[in-house]
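Positions are given from 1, in the same order as the sequence printed here.
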Amino acid sequence: MNAPLSPLPKPELTPEPGTTPVMAQFLAAKAGQPDAILFFRMGDFYELFFEDAETAAGALGIALTKRGKHQGKDIPMAGVPVHAMEGYLARLIRMGHKVAICEQLENPAEAKKRGSKAVVHRDIVRVVTPGTLTEDSLLDARGANRLAAVAIRKGRAAVAVVELSAGVVDSVACDLGDLGATLAAFRPSEVLVPDRLFSDETLKSALDGSGGVVQAMPQALAEPTGARDRVQRLYGVAALDGFGSFEEAEVSALGLIASYLETTQAGRIPALTPPRRSGETGFLAIDPSTRLSLEIDRTQRGEREGSLLHCIDRTVTSGGARALAERISRPLRDTTAINAALDAVEWLVERRDVRRDLREALRASSDVARATSRLALGRGGPRDLSAIRSGLMTAQDIAARFATTRHDALDGPPARVLACLDRLTLEGELSHLLANLREGLVEDAPLLTRDGGYVQPGFRPELDAARTLRDDSRKVVAELEARAVADSGVAFKVRHNAVLGYFLEASAKAAEPLMRAGPDSPFIHRQTLANQVRFTTVELSELDARISQAGHRALAIENETFEAWRRDVARLAQPLQAVAEALAELDAHAALAEWAEEVNAVRPVVDDSLCFDVEAGRHPVVEAAVTAQGNPYTPNNCRLAGDGVGASRLSIVTGPNMAGKSTFLRQNALLVVLAQAGAFVPARAMRLGVVDRLFSRVGAGDDLARGRSTFMMEMVETAAILTQATPRSFVVLDEIGRGTATYDGLAIAWATAEALHEANRARTLFATHYHELAQLEERLDHVCNLSMKAREWNGDLVFLHEAAPGAADRSYGVQVARLAGVPGPVVKRAREVLDRLEAEKAASARLDDLPLFAAVAEPEPAPYAPSVVDQALSDLDPDSLTPREALEALYRLKGLAGT
C-alpha cells in the first residue's frame, strides 16, 4: 500500500527556557528532519522522544516511558539498543517510515576538553528510507531495491531510478500513457513525486501500480535549471552532455533523485554509474495489471516463489540474480539486442564444460556492487573489502580461463560474452588494489572495523610491533626483567599496579647498593616500603606507556589501513562497478543456459515480422509444478501470423472450465517475455515477430478502495488495451464480459473482438464461454477458432489440455460443478434446467416456463395481433448481427414505424 502522498504536518518542537542541553540538541536535530523518526544516540541506546517514541512503540512493540518535561508536559520516550538497531530499523522501513540516524560524533572525554558541562557533539549522519537502503541485513540479496522519481514536462513523462546499494542509475522518457508500464518495470521501493502533480489522474494510476512508498517533493526541486545543477554536482561534472541527450522531464526526475540523496546521505557522495538512458522503444511495455496477471516476477499473492522468475532462476550469485530479474522484468524490443543476448545463451548451452567451469568460478565471487557502494558511502567494513577481493579474484580467474579461446574466430565467445570478458581483465589500479588486498587483508575478515584483526601480519611492521606488545606483554616484561637483573646483579621482579604502572621491585637488603648509587644509575627510585624498594627505568616507563596504549594503537593502525583501502575503492568505484556488472551478466547468461538444458528449451527465432508461431509450447511454471508431481505436461501449438493471406491474428479460444484456457493464454504471453528477454523458450520451435506491448486480461479482481467492482476493473483494463494496442502488440483476454448480464457481456465481448481485429490489428488470444463468438471466424478475415478439448468417459469428464482447431461444442459447466463438489441435488437440478434450455435452443428459451419460476410468474397480458414492425422484429436475430447490420436494421425498423 502506498504511503500518504504528502507528509502530515507535525507540531513545532522548540527549546524553551530551562530545556536541558541534550534535549535542545535533540530538538535541533529533529527540526532538520521533521517528517522522519529520529534515532538519537545516547551511549548504548538510540533514544526516541515525543511523537517518534509513540509511533515507534506502537510499531515495534517496545516500552513507552516518560522522561522530564517540555513546555509543561511529560516527554514520551522509548529506546532500542545500539547492537539491535538494524532489526528495529528494518521493521520501521518495511512499514514505510523514514528514519533519521543521529550519531555521537565524539566520545565524552573529547567533549570534556571543551568544558565540564559540554555536551557530546551529535549530528544526523543519514536518513534511511525504503529506497535508500544499503545494508545487507535490510536488503534482499537477490532483488534490487530502487528509488524512483517521476516528472512531467511539456506533455512528456520521465522516470529516473537509482539502485543506491549497487550504484546503478537509469533514466527513461516516455509518453504519459506509458508511465505506468515504465514505472512498474522497475518495481521501486520508493517514488519521489513533485507535489503539484498529485491531481494528475494518469500519475495516480501509475503510482498505484508501482507498489512503492510515495514521497512528496517540492515542485521547485523539479524545475529543469536547478535540477540540472544538482545532477552535475552529484556527478562532479560541469555538463551532462557526456552522458547523453536528456529531455527536460528526465533532467527534472534526475534532479529530484539528486536532491533526495543530498538530504538522506547527509552530504556523503554515493558512487553512481552515469545514467543509463533507455528510449521508450528500448523495452517491451508491460503494464502493472499484465505483470500481476502473468506473475512475471511476483505471484498475485506478492511472493517470489511460484513466479516465472523463480521458476527459471539458476544464478549462483546475488548480483546475477538481480541481473536476471531485471532482464525478465524489462524484456528488450530491439531485435539486434535480443539476438545478441540469445547468441550468448546459445554459446553456453552448446558448451556444457565451459558453462560448468564458469558457474563454478562465479560461486566464489561476492557482491562487489553492493560492497563498493557501502564503502564509498563510508558504511562498509572489512567484510566488504573481502567481498571486493573475492570478486576481483573471480574476475581474474574467469579472464584467465578464456585467455586462449576468446579471440578464436570460429569457436570464440559471442559479442556479449566478449564484452564481459573485456571488463574482467584487471589492469593498472584495479590490479594493484587486488594485490594489496590479497597481501594485507586476512582470509576471514570481521564485519566491523572496531573488531580489529583484519590486517595480515607482516603487512605493516608498526602494526606487528603494537600487536606483539599487546599480545605478548608478559614475554616482553620477562625479557626486560632478565636484562635488569643481569645489569644490576639485583634479584628484581617486575610488578604492576594502577598508581605506578610497571616497576622493578627488590627486597630492602638487595636494593641497598642501588640506593647508594649516584644520579647516573639507570635505576630510578620510586617508592620505599617496609620490606621492599621499588625502582623504574626509562625503558620500563616507556614500555608501560606502550603496553597500555598498544591495543588502541594496533586498532588505530588497522583503521588507518582500512581507510586507505576504502578511499582506493571509492576512487575506483566505476571500474569496480563495471566488473560487478560483467560478473552478474555472465551469471545471468549461464543461468539461462543451465535452465534451457534442464527443461529442453530451444532458441526462438526473433525478427521484425508480425509472426507468432509456437510448436509444442509449454508453460514454464505450470510444467515445473506438474512434472514435480510425476505427471506429464501437454504441449500446445499456437499460430498467429499477422496480416498474410489466410493468416489469423485473432484466435477465439473456447472450451470448458479447468480445461486449460487460462494456462494456454498465459503460456504464450510468457513465451513472448522469455524470448524478448534473450532466453530460450520451452517449446519444440518458436518464431516471434518482436512485440512492442504485451497485454493480459486474465483473472478477476476488484479495487474496493477506489470503489471499483470486478466488472469495472475488467472494463478499465480492456479500455487500456483498446486504446494502446498496436499491430505489433500481443494481447491475451480471458472471459471478457462475464461480470454483467449475459447479453450485455456477449455484446461487449463481440465488440471488443471486432475492435482488436479491425482497429488495433494486434495478435490476440481471446478466451470465452460465449460460443456465439465462434461465428466471427466466418465473418472476419483473420480470425480462427481454437478449443480446449475434453471428453466424457463413463460419466466422468476428462480434460485433455489440448488446443485444437475449431470451436467447442459445449461448456461442460455442470460436470465441472460436480467435480468441484457441488451437492448432488443442485447438480441434478442444474442438469434438468440445462436440458430444458438446450431443448428450447437457449436463445429463445424463457426461464418463466420452467417449473421453478412458474409459481411466481406474472399473468400474461392479453394477446394482440402483431404489427408489421413486430413481425420485422421477430425476424431479427440480434446475436448474429454485426454492428453495421444492426444499424441498418434499426433504420429499416424506423422506416416501417413511419417515424
Side-chain angles (χ1 to χ4, degrees), residues 3-4 6-93 95-129 132 135 215-216 260 262-268 378-379 450:
S6 56
L8 297 175
K10 297 210 173 189
E12 289 283 331
L13 296 175
T14 56
E16 63 177 4
T19 301
T20 65
V22 170
M23 188 51 62
Q25 194 179 54
F26 167 83
L27 295 173
K30 181 65 180 175
Q33 289 293 336
D35 60 339
I37 294 175
L38 185 64
F39 274 34
F40 190 74
R41 178 75 177 266
M42 298 182 71
D44 293 333
F45 277 79
Y46 286 104
E47 304 292 2
L48 301 95
F49 300 101
F50 301 103
E51 284 190 355
D52 291 351
E54 294 170 347
T55 301
L60 303 174
I62 58 178
L64 180 66
T65 61
K66 297 177 181 178
R67 177 177 177 178
K69 290 185 178 294
H70 180 73
Q71 296 179 349
K73 297 180 180 179
D74 291 331
I75 300 174
M77 174 182 172
V80 299
V82 169
H83 70 270
M85 181 266 283
E86 285 194 358
Y88 291 109
L89 182 61
R91 289 164 63 185
L92 288 172
I93 294 302
M95 295 175 189
H97 295 290
K98 293 168 67 175
V99 179
I101 309 296
C102 186
E103 286 286 0
Q104 292 182 178
L105 301 181
E106 62 180 356
N107 60 45
E110 291 171 329
K112 285 183 180 179
K113 294 177 183 178
R114 301 196 306 272
S116 60
K117 296 184 179 181
V119 178
V120 171
H121 178 49
R122 295 178 177 88
D123 203 352
I124 293 175
V125 296
R126 67 182 292 207
V127 179
V128 187
T129 71
T132 59
E135 291 83 357
Q215 298 289 357
Y260 203 61
E262 285 178 356
T263 301
T264 59
Q265 305 311 303
R268 292 186 180 272
R379 294 181 199 135
R450 71 184 182 206

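- Taking CG of Leu27 as the reference point, atom CZ of Phe40 lies at 9.0 Å (rounded to 0.5 Å).
- Taking the six-membered ring for Trp, His70 and Phe50 have ring centres closer than 6.0 Å.
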Note to self: Using side chain to side chain contact (heavy atoms under 4.5 Å, CB included), reason through Lys98 and Asp35 one step at a time and then give a plain yes or no.
What the structure shows: CA-CA 7 Å; Lys98 293 168 67 175; Asp35 60 339; 3.1 Å; yes
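- For Arg122 (side chain) and Arg41 (main-chain N/O), a donor-acceptor pair under 3.5 Å exists by modelled atom type.
- Separating the NZ atom in Lys69 from the CD1 atom in Ile75 is a distance of 9.0 Å, to the nearest 0.5 Å.
- Annotation for Asn107: atom CG counts as buried by contact number, over 12 foreign heavy atoms lying within 6.0 Å.
- In this structure, Val82 and Gly43 approach most closely via the heavy-atom pair CG2-O, 3.9 Å.
- Taking OH from Tyr88 and CD1 from Ile62, the interatomic distance works out to 6.5 Å, rounded to the nearest 0.5 Å.
- Ring geometry, Phe39 versus Tyr46: the interplanar angle falls from 30° to 60°, so the pair is classed tilted.
- Side chains of Gln265 and Arg126: no donor on one and acceptor on the other come within 3.5 Å.
- The two residues Cys102 and Ala29 make their nearest non-hydrogen contact at SG-CB, 4.2 Å.
- Taking 4.5 Å as the limit, some side-chain heavy atom of Asp52 sits within range of a side-chain heavy atom of Lys30.
- In this structure, the side chains of Leu89 and Val80 stay at 4.5 Å or more apart for every pair of heavy atoms.
- The shortest heavy-atom contact between Ala266 and Val125 is CB-O, 3.2 Å.
- In this structure, the separation between CD on Gln104 and CD on Glu106 is 9.0 Å, given to the nearest 0.5 Å.
- You'll find the side chain of Thr55 stays beyond 4.5 Å of the side chain of Leu48, heavy atoms only.
- For the atom pair CD1 (Ile37) and CD1 (Ile101), the distance works out to 10.0 Å, reported to the nearest 0.5 Å.
- Counting heavy atoms of neighbouring residues, nucleotides and ligands inside a 6.0 Å radius, atom CZ of Arg268 does not exceed 12 of them.
- Checking Ile93, Leu92, Thr264 one by one against Val128, the side chain to side chain contact (heavy atoms under 4.5 Å, CB included) holds for a single residue, Ile93.
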